[in-house]
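This report refers to the structure that appears directly beneath it.
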Amino acid sequence: MKFFVGLNTGYVTRGKPDERYVDFYRRRSSPALHCAIVGNVVIPGGYGSNASTPTISRSPEWAKVASEIERYGSLPGIQLATTWENYIGSRSFRSPTAHETIERSRQLVRQLGPKRIALTLGALDEASDIAVAAGFRHLQVHAAHGYLLNLLVDDRINENAPEARERLANWASRHTAAGIETSIRISLRSGDNNFDANGQEHFHGQIAGLPFDFIDVSSGFYNIDKQLIYPGRPDVLRVRRTETIALADRFPRRRFILSGRALVEPQHDLPPNLHIGICRDLIANPDYLADTSKGCINSGKCHYFSRGADHVTCPQWAKDK
């Protein structure tokens, strides 16, 4: 199966998806794509990663997004996320304060406390119910990149992580019972070598023990090392691929999604429980699945926030006009 993995396009108007957003996903949906996951959608009362982040609501625009994805042949998916009040994402790919990020994350979770964490997880329940009512049939928890749900499920950051993981397990089971496909996005590593050297495999095992249908494998914390999130160099891509294959081999009864230019390399070495996630190649070419020779050329224009822009763009689009 192939997935269009979540990204924040920036195509929003007053926090809602606009016609650019609808058209972006309409053009990339097809019977060749199992699921198109609209990315980084903020839960009620949550906080976006930047000013161009949409928030889930009962507005009819969300139903239009879901219906257009389905009409063009893909399963409508949505990635639910939140950061925290006064969150500031680094514009540089390697944050100058990267060494402080893990300890600041621990302090943040302690300051939130159990009650506010419970409210956040309750908002995730509300968000998923709104999304299902709008027509989305795949729900993804964004527990990667150092965003809040990532911090809450990791024992190394949150001393009450078992309770958070239990809430997510119940969440996934509830939606599976209703016929809704579920997934969780995680980061293989943060980019902080000291942090990653301790407890990383144990954390992966805890996530693999949750009853999600798929584990969408990313890497990196946004405020530590964005090169891991958006691998461009061949060596970084190879490491992402190798580590994801190793994770899928370790848990052969769980299904995983491999991203990071996944179709650029041959597929013969992939285990049967590892599925394909596509992002930048499908951004660059809406018809990429019909012609994989025309994909991303690593211009970096899709990293709009890092460039000080407010929405995604790609120089490849001009060639199609």
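This chain uses plain numbering: 1 for the first residue, then up along the sequence.
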Quick check on the hydrophobic clustering: are [X] and [Y] connected, directly or via other members, by side-chain heavy-atom contacts under 4.5 Å?
X    : Y    : result
W171 : L121 : yes
F251 : L168 : yes
L108 : I102 : yes
L75  : I37  : no
V236 : I186 : no

Quick one: does [X]'s side chain have a donor or acceptor within less than 3.5 Å of a partner on [Y]'s backbone?
X    : Y    : answer
N285 : D281 : no
R28  : Y288 : no
W317 : I283 : yes
N223 : S90  : yes
W62  : T55  : yes
T83  : G48  : yes
R165 : V153 : yes
D216 : R185 : no
R137 : V132 : yes
H175 : I180 : no

How about [X] and [Y]: do any of their side-chain heavy atoms sit closer than 4.5 Å?
X    : Y    : result
T313 : Y304 : no
L270 : R241 : yes
P44  : I56  : yes
Q140 : F214 : no
Q200 : R156 : yes
I43  : E126 : no
V22  : V65  : yes
T9   : L7   : yes

In terms of heavy-atom contacts, does CD of E201 have more than 12 from other residues, nucleotides or ligands at under 6.0 Å?
no
Salt bridge flag under 4.0 Å for residues [X] and [Y]:
X    : Y    : value
R189 : E243 : yes
K294 : D287 : no
R20  : D23  : no
E61  : K64  : no

I would like to know whether H145 and Y222 meet ring pair (Phe, Tyr, Trp, His ring centres under 6.0 Å); could you show each step before the answer?
CA-CA 5 Å; H145 304 165; Y222 201 86; 7.6 Å; no
Among I229, L228, L151, D192, which residue meets the side-chain contact (heavy atoms from CB on, under 4.5 Å) test with F221?
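Filter result, single survivor: L151.
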Would R280 count as a cation-pi partner of Y230, with NZ or CZ less than 6.0 Å from the six-membered ring centre and within 45° of the ring normal?
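Geometry flag: not set, cation outside 6.0 Å or 45°.
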Where does the angle between the aromatic ring planes of [X] and [Y] fall among parallel (under 30°), tilted (30 to 60°) and perpendicular (over 60°)?
X    : Y    : answer
Y87  : Y147 : perpendicular
H138 : F3   : perpendicular
Y11  : H311 : tilted
Y21  : Y25  : tilted

Using only heavy-atom distances, determine whether the side chains of R240 and S259 contain a donor-acceptor pair under 3.5 Å.
yes
